[in-house]
Structures are given as C-alpha cells and as structure tokens.
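Working notes for the structure below.
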Protein chains: 2
Amino acid sequence: MVRELTPKGSATRQRIIEGAAAEIRELGVVATTLDDVRRRTGTSKSQLFHYFPGGREELLLAVARYEADRVLTDQQPQLGDLTSWRAWEEWREVLVERYRRQGWHCPLSAVVAQLGRSTPGAQAVVTEMLDQWQAEIAEGVRAMQAQHEIDPELDADEAAAALLAGIQGGVMIMLSTGRLTHLEAALDVAIRHLRETSAAGSVRASG
Amino acid sequence: MVRELTPKGSATRQRIIEGAAAEIRELGVVATTLDDVRRRTGTSKSQLFHYFPGGREELLLAVARYEADRVLTDQQPQLGDLTSWRAWEEWREVLVERYRRQGWHCPLSAVVAQLGRSTPGAQAVVTEMLDQWQAEIAEGVRAMQAQHEIDPELDADEAAAALLAGIQGGVMIMLSTGRLTHLEAALDVAIRHLRETSAAGSVRASG
DNA sequence: TCTCGACTGGACTTGCCGGTCCAATTTTAT
DNA sequence: ATAAAATTGGACCGGCAAGTCCAGTCGAGA
C-alpha cells in the first residue's frame, strides 16, 4: 500500500497538487479536468494515475488537504497569539486581506461541495480544519479572560463557535455576492462584543 | 421571447422544477443529470428543452429561484414580525428546525457553487435573497429599538449583516460536519448580545 | 557496467451526458 | 370540425473527459 517515492517522484507529486490547486482556484472544481492539470504541470496522464491511483477523486482530496493547511497557516502568526486587542485587530486585518486577495473562488469549499457526501475523507479534512480554527480562537478568548479583558463568565467555546460561523458565512457571502462587508461586519461586531463584556462584567485591567 | 403556456404546460414545467430540485437535494448538482430529472418527472428530453431552451443551465437557474424562495417563505411568518423577544426566539427555533430537517445537502448553495461566476443570473438570485433576508432582520432590530429594547445607537444594518453571516456560516458548517452547534451558537450569541445592549445603553421599557 | 524498479510519455478506449431533430399527438380557438 | 399551435416521445449525435495500456527512459546500487 505504502509506496516509496524518490525525491524526484515526490517533487512531481507535489507539483501536481499545487498545479491542480491553482487551476481549481481559477476555473473551479467542476470545470477543471485532468488534462488541464496535465498541461499546466507538464505531466502526463500516466503520471497523474501513478501518483494518485484513485484518479481524480484522490487528487481532489490531496488538494483539499493542501488548501485546508494553507487556510490556517495563512492566518499565522496572528491566529496563534491572540493575547492582546492589538493582536485581535491585526488578525482581523490579515483575515480580511487574505480573502480580499483570494477573491472569487474558494477552492476548499468548492472541492468539498463536489466531493461532499460521497467521500468521508473530504468531510474529515474540513471538520479537522474547523475544529483547529475554533480551538485557536477559543484559546485567544481565554487568554483575554486571563487578563481580565473579557468577562470570565463568558463561554469561550460558544463565543469561538459563533465567531467562526460568522467568518465562514462572511466568506460564503463574499463568494456569492463579491462583497466583503459581511465578513467585516461579523468580525467587527464579534470583537466589539467581546471587548464590551469587560466593561460590563469584570474588573478593567487598565485605562 | 415570452411564451404562453397552457395550464397543462405550466404544470409540466413546475413538475420538472420540483423534480429537479428534489433530485439535486439527494444527489447534488454535479451528480444530477438531465436523464435523472427526466426519469423522475416522467418527461422526455424534448420537454426539458422545450420548457428550458437554455438547457441544463436554465433549469438550474429556475431551481435556484425556487429554492431561494423556499428559504425565505419557510421562515415566515416569524421572520417578518420580529417585534418581541418572544418572536425572536420563535424565529430562532424555526430556523434551526428547518435546517435540522433539511439536513445534508443545501441545494441552493450547491447550485450557486456550480453556476457560480459563470452565470450572473445565479449570483443575482442569491444576492437578492440575502438582501431581503438581511433587510427583514434589520427591520426586526429597528422594531426592538423603537420599543427601547435595543440600544438606539446600535447600527441595525451592521448587526443584521453580522447575524446573517453567522447564520450562513452555521449552515455551511452543518453541511460540512453535520453539526448544528455552530448555527445555534451564532443565533444565541447574537440575540443575547442584542438583548444586553438594552441594559447598557438605553432606558428599559418594562420589567 | 548492468540491471531492476521507479518513473515518464502519450495514444487509445470507453462511456456518459448535454443537446438536436423530427415525427406524432393533444389542446385551443374559430 | 378543423387548422394552428402547443405539447410530447424518444432515437440519435458529437464531444469530452476519465481512466487504461504499454512501450519506453532514467537512476541508484551491485
């Protein structure tokens, strides 16, 4: 089952994944054919099936993994260090900027939408990504609670879940309408809400 | 351009739309073929193209319109009458229940994901639906402001945008992971937040 | 150098699916 | 009743894209 790849082999494999991801970002999953990937990456049909014996579906899954990883790493180091309001604001900017640049096609959601129910693998990739994302946000909330900047009574996990939902919805709306306003509104309202709890429910640490 | 349909004709046309919508809900857009629709609705190829000269794409667009309409009407009458906290809570229940029942495939997002950018029509359908949805929420916020139940300083449109994003994201996450928790968290956190503003920023109307 | 297996090239097969066509049949209007 | 228009049936076409096959080439170790 496990195949050993020479350095050259794994380089080719990686080139295929990244080329496919780029192609999908431009054309969308449905419109991207194996021939498109072949042409773009300078490979042949047999190579595609050599590295991805499961064919198109296996390649798509590999692309999904690759993109899921990018989504999270693109938010670092900010996402992993939400320990001041300044950091939260920076993270907000990074996130908005990322999606402004990416624009139009969201390769991950597209891939999942197509693979969707048929393959549990795709679902697992997304679920894991969302879990990690939410965990990092919740960690940030707790860090601020520790500094008495957020009401300690507040449920950090629920707040993180709501914020994550807002982000996902904001992105989804951007993909449909082309407008970033909802993503911004979701982030701004949520962060402002978190900041306000400190005034209402807890001791203010500093002026 | 405008074709007149006899009662029989428009009945057939409607049957095709609803059959296609059902098929798409089960199989997804990508997997649904015209032959599937044909078989399910007991029609022939020529009928499909008779009623939808633009072929598959035009049919998909009609399905998108049909589903977009359902999404909004399914939330009535609650969504159109958010004039008490009781009404807000009922609306929240209706919404969660709707998506709990619908489960898995979201035909609308699927259709849009596929048509996406290629056809401005699909985008317009979704944009219009989201606009109306958001407008009704904002109207509800203003109604509560008029009753001094929400801080009058609060930007109703921004709040509605953020809440809508949370709903969309909650649904999207449900489609990926199967869990309703994020939709519930988004709704609960947002509504609770709105209620809390009345205590902080405005005169309380009654006990 | 030789040789084995990993790696590559690209022609070919296969099946599906959107779309076309035309002939038949039913409905509507006069 | 009858012609015109709307509606219906289903065979057929053409293209495309996934997947197969086999004949090579390359590269590392004996």
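Owing to the predicted nature of the structure, the values given are computational and were not obtained by experimental measurement. In what follows, chains carry the letters A, B, and so on, assigned in the order in which the sequence lines appear, proteins first and then strands, with residues in each chain numbered from 1.
Between the A/Gln147 side chain and the A/Ser84 main chain, no donor and acceptor come within less than 3.5 Å of each other. Looking at B/Gln134, its side chain never comes within 3.5 Å of a backbone N or O of B/Leu164 through a donor-acceptor pair.
Using a 4.0 Å heavy-atom criterion, one finds that A/Ser46 contacts the bases of the nucleic acid, with or without backbone contacts as well.
Look at CD on A/Glu57: it is 13 Å from P on D/dA18, rounded to the nearest Å. Rounded to an integer number of Å, the gap from B/Arg56 CZ to C/dG19 P is 8 Å. Rounded to whole Å, the distance from CG on A/Asp35 to C1' on D/dC16 is 9 Å. We find that CZ of B/Arg39 is positioned 11 Å from P of C/dC16, with the value rounded to whole Å. The distance between atom NE2 of A/His50 and atom P of C/dG10, rounded to the nearest whole Å, is 17 Å. As rounded to whole Å, 8 Å separates atom P of D/dG10 from atom CZ of B/Arg38. Spacing between atom CG of B/Leu48 and atom P of D/dG10 amounts to 14 Å, rounded to whole angstrom units. Regarding A/Glu58, its CD atom lies at a distance of 14 Å from the C1' atom of D/dG19, rounded to whole Å.
The side chain of B/Leu34 has C/dG19 as its nearest neighbour among C/dG19, D/dG19, D/dG10. When the nucleotides D/dG10, C/dG10, C/dG18 are ranked by their closest atom to the side chain of B/Ser44, D/dG10 comes out on top. For B/Phe49, whose side chain is taken as the heavy atoms from C-beta onward, the closest listed nucleotide among C/dG18, D/dG10, D/dA18 is C/dG18. Each of D/dA18, D/dT8, C/dG9 was ranked by its minimum atom distance to the side chain of B/Thr12; first place goes to D/dT8. Nearest to the side-chain atoms of A/Tyr51 among the listed nucleotides D/dT8, C/dC7, D/dA18 stands C/dC7.
Note on A/Glu97 versus A/Arg100: salt bridge recorded, some NZ/NE/NH1/NH2 to OD/OE distance being below 4.0 Å.
Taking the nucleotide of DNA chain D with the nearest heavy atom to each of B/Gln47 and A/Gly54, the more 5' of the two is matched to B/Gln47. Residue whose closest nucleotide on DNA chain D sits further toward the 5' end, between A/Ala31 and B/Arg15: B/Arg15.
Relative orientation of the B/Trp88 and B/Trp85 rings is tilted, given thresholds of 30° and 60° on the angle between their planes.
Residue pairs meeting the side-chain hydrogen bond (donor to acceptor under 3.5 Å, both in side chains) criterion with at least one member in residues 155-174 of chain B, sequence neighbours excluded: A/Arg192-B/Glu158, B/Arg142-B/Asp157.
Applying the 3.5 Å distance criterion, the base of C/dG19 shares a donor-acceptor pair with the side chain of B/Lys45.
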